[in-house]
Amino acid sequence: NYCYNAYDIYNLLIDTIKSNISNKSLIIIPDASLWYIPFEILLTSSISDSSVDYRHLPYLIRENPISYAYSATLHFDANKRPPAPEKGLLAFAPNYASLLAQNEVPEAESFLERYREQLVPIPGVKEEVKMINKIVDGDVWMDNEATETRFKQNAEDYDILHLAMHTIVNNEDPMYSKLAFVQNADSLNDGFLNTYEIYNMRFNARMAVLSSCKTGVGKLMKGEGVMSLARGFMYAGCPSIIMTLWEVSDKSGARLMQDFYKSLIKGKSKDEALQE
């Protein structure tokens with residue numbers, strides 16, 4: 001089913017213009033339900049063999065680097081930016097091993113209980129941010145130091161924001177989708193950075209890497225597109241966002257991120273680095 005549909009959509013949307021896009025980077029501005037389609041994994045030829053080797057299929061990403069934009073206006077406005085901040089990387093990798101005891105914050109009991117089972121430890125994120133920090137200079141906050149308050153206090157001073165953590169998606173009310181920092185709530189923040197909070201922030205970073213599950217998933221709003229965590233970062237001033245549409249394997253996600261930053265340092269553009 002996947003092979004049939006992936007080629008069918010490619011044939012409908014891309015095949016008729018393939019001679020015009022050879023060796024070019026594609027910037028795709030989707031409409032309506034096309035927001036949910038990762039164009040990278042459309043297939044450029046039909047597959048008839050019943051035993052499919054998914055490692056070697058003719059994916060569109062093999063032909064073209066691909067990036068996305070919410071609109072042409074936003075895409076071109078994103079290139080009109082002030083100089084990048086002097087500080088480079090700001091990375092967070094929280095530890096979920098010791099959640100708050102419910103009796104510490106009684107009014108948050110039902111709230112924490114609702115998400116407790118989703119915040120399982122993800123040990124690979126620490127290695128991920130350590131490896132990235134060897135490639136790009138900056139500041140890395142891990143385990144119990146990876147707090148929401150620290151992110152809010154420092155985010156606007158850095159050029160790259162890298163968040164390796166859990167995401168909790170709320171498809172009914174996307175403004176309450178949230179990034180889960182370490183769960184040591186203080187008097188200012190509860191450890192969950194909601195989308196509506198991101199809309200009220202201001203970033204100077206040229207890139208945000210949301211190395212987390214389903215950060216590009218959200219509710220499709222007529223005339224607006226998908227309302228997701230990633231869109232909040234764009235609204236807050238960040239022109240380039242790396243996001244995901246599904247759950248990400250801990251180890252392979254860390255490896256992908258390491259290779260991505262290595263390609264960036266070598267001078268590749270972001271879409272080319274992702275393609276590699």
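Just so we're clear, the structure is a prediction, and the values are computed from it rather than from any experiment. Only this structure's heavy atoms are used, side chains among them; waters, hydrogens and symmetry mates stay out. All residue numbers refer to positions in the sequence shown, counting from 1.
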Worksheet item: So do Glu148 and Asp190 actually touch side chain to side chain, heavy atoms under 4.5 Å?
Response: yes
Worksheet item: Taking everything shown except Tyr2 itself, do over 12 heavy atoms lie less than 6.0 Å from its OH?
Response: yes
Worksheet item: Would Ile132 and Leu89 satisfy side chain to side chain contact (heavy atoms under 4.5 Å, CB included), going step by step from the backbone distance to the final call?
Response: CA-CA 9 Å; Ile132 293 169; Leu89 172 74; 3.7 Å; yes
Item to complete: Could you tell me which non-hydrogen atom of Arg206 sits nearest to which non-hydrogen atom of Cys238, and how far apart they are?
Response: C-SG, 4.1 Å
Item to complete: Mind listing the closest non-hydrogen atom pair of Asn95 and Val182 along with its distance?
Response: O-CG2, 3.4 Å
Discussion item. What I'd like to find out is whether the side chain of His75 reaches to under 4.5 Å of the side chain of Ile27, using heavy atoms alone.
Written reply: yes
Item to complete: In plain terms, say whether Asp143 and Lys126 are close enough for a salt bridge, that is, a side-chain N and a carboxylate O under 4.0 Å apart.
Response: yes
Worksheet item: Roughly how far apart are Ser211 OG and Leu161 CG, rounded to 0.5 Å?
Response: 13.5 Å
Discussion item. Run the side chain to side chain contact (heavy atoms under 4.5 Å, CB included) test on Thr167 and Leu210 for me, step by step, so that the C-alpha distance in whole Å, both residues' side-chain angles and the decisive distance to 0.1 Å come before the verdict.
Written reply: CA-CA 9 Å; Thr167 301; Leu210 307 182; over 6 Å; no
Worksheet item: Taking the six-membered ring for Trp, are Trp141 and Phe181 ring centroids under 6.0 Å apart?
Response: no
Item to complete: Drop me the distance from Tyr10's OH to Ile37's CD1, to the nearest 0.5 angstrom.
Response: 15.0 Å
Discussion item. Looking at every heavy atom in both Asn133 and Gly138, which two are closest together, and how far apart are they?
Written reply: ND2-N, 3.4 Å
Practice prompt. Give a yes-or-no answer on whether the side chains of Asn204 and Tyr158 include a donor-acceptor pair shorter than 3.5 Å.
Written response: no
Discussion item. Within the 4.5 Å heavy-atom criterion, are Ile61 and Leu42 side-chain neighbours or not?
Written reply: no
Fill in: Any donor-acceptor N/O pair, Ser67 side chain to Asp271 backbone, under 3.5 Å
no
Practice prompt. Scan Arg255, Gln258, His162, Lys251 and name whichever one has a side-chain hydrogen bond (donor to acceptor under 3.5 Å, both in side chains) with Glu128.
Written response: His162
Worksheet item: Side-chain heavy atoms under 4.5 angstrom apart, residues restricted to Ile, Leu, Val, Met, Phe, Trp, Tyr: same cluster for Tyr4 and Leu12?
Response: no
Worksheet entry | Tyr96 side-chain N/O to Met165 backbone N/O, donor-acceptor pair under 3.5 Å | no
Fill in: Of all pairs that satisfy salt bridge (charged side-chain N to carboxylate O under 4.0 Å, His left out), the ones with a partner from residues 231-246, not counting sequence neighbours
Glu224-Arg231
Fill in: Lys178 and Ile168: CA distance, side-chain angles, deciding distance, side chain to side chain contact (heavy atoms under 4.5 Å, CB included) verdict
CA-CA 5 Å; Lys178 54 190 97 268; Ile168 298 170; 3.7 Å; yes
Discussion item. Could you check whether any side-chain heavy atom of Thr44 comes within less than 4.5 Å of a side-chain heavy atom of Glu63, counting everything from C-beta outward?
Written reply: yes
Discussion item. For Phe203 and Phe233, take the angle between the two ring planes, folded into 0 to 90°, and tell me which bin it lands in: parallel under 30, tilted 30 to 60, perpendicular over 60.
Written reply: parallel
Item to complete: Might you point out which heavy atoms bring Gly237 and Arg202 nearest each other, and give the distance in Å?
Response: CA-NH1, 3.5 Å
Practice prompt. Check whether more than 12 heavy atoms from other residues, nucleotides or ligands sit under 6.0 Å from atom OH of Tyr235, and answer yes or no.
Written response: no
Worksheet item: Heavy-atom distance under 4.5 Å between the side chains of Asn194 and Met175, does that happen here?
Response: no
Worksheet item: Is it true that a side-chain atom of Lys24 and a backbone atom of Asn20 form a donor plus acceptor pair closer than 3.5 Å?
Response: yes
Worksheet item: Using 4.0 Å as the upper bound for N to carboxylate O, is an ion pair formed by Lys152 and Glu197?
Response: yes
Worksheet item: So which heavy atom on Ser71 is nearest to which on Ile29, and how close?
Response: C-CD1, 3.7 Å
Discussion item. More than 12 heavy atoms of other residues, nucleotides or ligands under 6.0 Å from CG of Asn23: yes or no?
Written reply: no
Worksheet item: If you round to the nearest 0.5 Å, how far is CG of Asn64 from NZ of Lys18?
Response: 12.0 Å
Item to complete: Determine, for Glu276 against Lys268, whether the closest basic-nitrogen to carboxylate-oxygen distance falls under 4.0 angstrom.
Response: yes
Worksheet item: Got a second to check how far Cys3's SG is from Asp8's CG, nearest 0.5 Å?
Response: 12.5 Å
Worksheet entry | Residues that Thr16 engages under side-chain contact (heavy atoms from CB on, under 4.5 Å), provided they are two or more places apart | none
Worksheet, complete the sentence: So CD of Glu272 and CD1 of Ile66: to nearest 0.5 Å the spacing works out to 12.5 Å
Worksheet item: Do the side chains of Met207 and Leu74 join up, straight or via other hydrophobic residues, at under 4.5 Å, putting them in one cluster?
Response: no
Worksheet item: Is the closest side-chain heavy-atom distance between Leu43 and Ile47 below 4.5 Å?
Response: yes
Fill in: Hydrophobic cluster membership, Ile242 vs Ile122, 4.5 Å side-chain cutoff
no
Worksheet item: Do Tyr196 and Tyr176 have their ring centres less than 6.0 Å from each other?
Response: yes
Fill in: Considering all heavy atoms, the nearest Pro94-Ala180 contact
CG-O, 3.6 Å
Discussion item. So Pro58 and Tyr7, do their side chains get closer than 4.5 Å, heavy atoms only?
Written reply: no
Worksheet entry | Close side-chain approach of Ser177 to Asn170, heavy-atom, < 4.5 Å | yes
Worksheet item: Would a distance-only check, ignoring hydrogens and angles, find a side-chain to backbone donor-acceptor pair under 3.5 Å from Arg150 to Glu145?
Response: yes
Fill in: Nearest-0.5 Å distance, CD1 of residue Ile135 to CG of residue Asp137
11.0 Å
Item to complete: If the plane angle is over 60° it's perpendicular, under 30° parallel, otherwise tilted; pick one for Phe151 and Phe92.
Response: perpendicular
Item to complete: Say whether, by atom type as modelled, one donor and one acceptor occur between the side chain of Asp159 and the main chain of Ala84 under 3.5 angstrom.
Response: no
Worksheet item: Under a single-linkage definition using a 4.5 Å side-chain heavy-atom cutoff for Ile, Leu, Val, Met, Phe, Trp and Tyr, are Met243 and Leu256 assigned to the same hydrophobic cluster?
Response: no
Item to complete: Report the C-alpha separation of Thr149 and Asn189 in whole Å, then their side-chain angles, then the decisive distance to 0.1 Å, and conclude whether the side-chain hydrogen bond (donor to acceptor under 3.5 Å, both in side chains) test is met.
Response: CA-CA 6 Å; Thr149 297; Asn189 297 289; 2.8 Å; yes
Practice prompt. Evaluate side chain to side chain contact (heavy atoms under 4.5 Å, CB included) for Ile160 paired with Val136, printing each intermediate quantity in order.
Written response: CA-CA 9 Å; Ile160 299 173; Val136 183; 4.3 Å; yes
Worksheet entry | Check: Ala230 main-chain N/O paired with Thr215 side-chain donor or acceptor under 3.5 Å | no
Item to complete: Give the cluster check for Val226 versus Leu179: same hydrophobic cluster or not, with ILVMFWY residues linked at side-chain heavy-atom distances below 4.5 Å.
Response: yes
Fill in: Those residues that, when tested against Asn1, pass side-chain contact (heavy atoms from CB on, under 4.5 Å) (two or more places apart)
Asn5
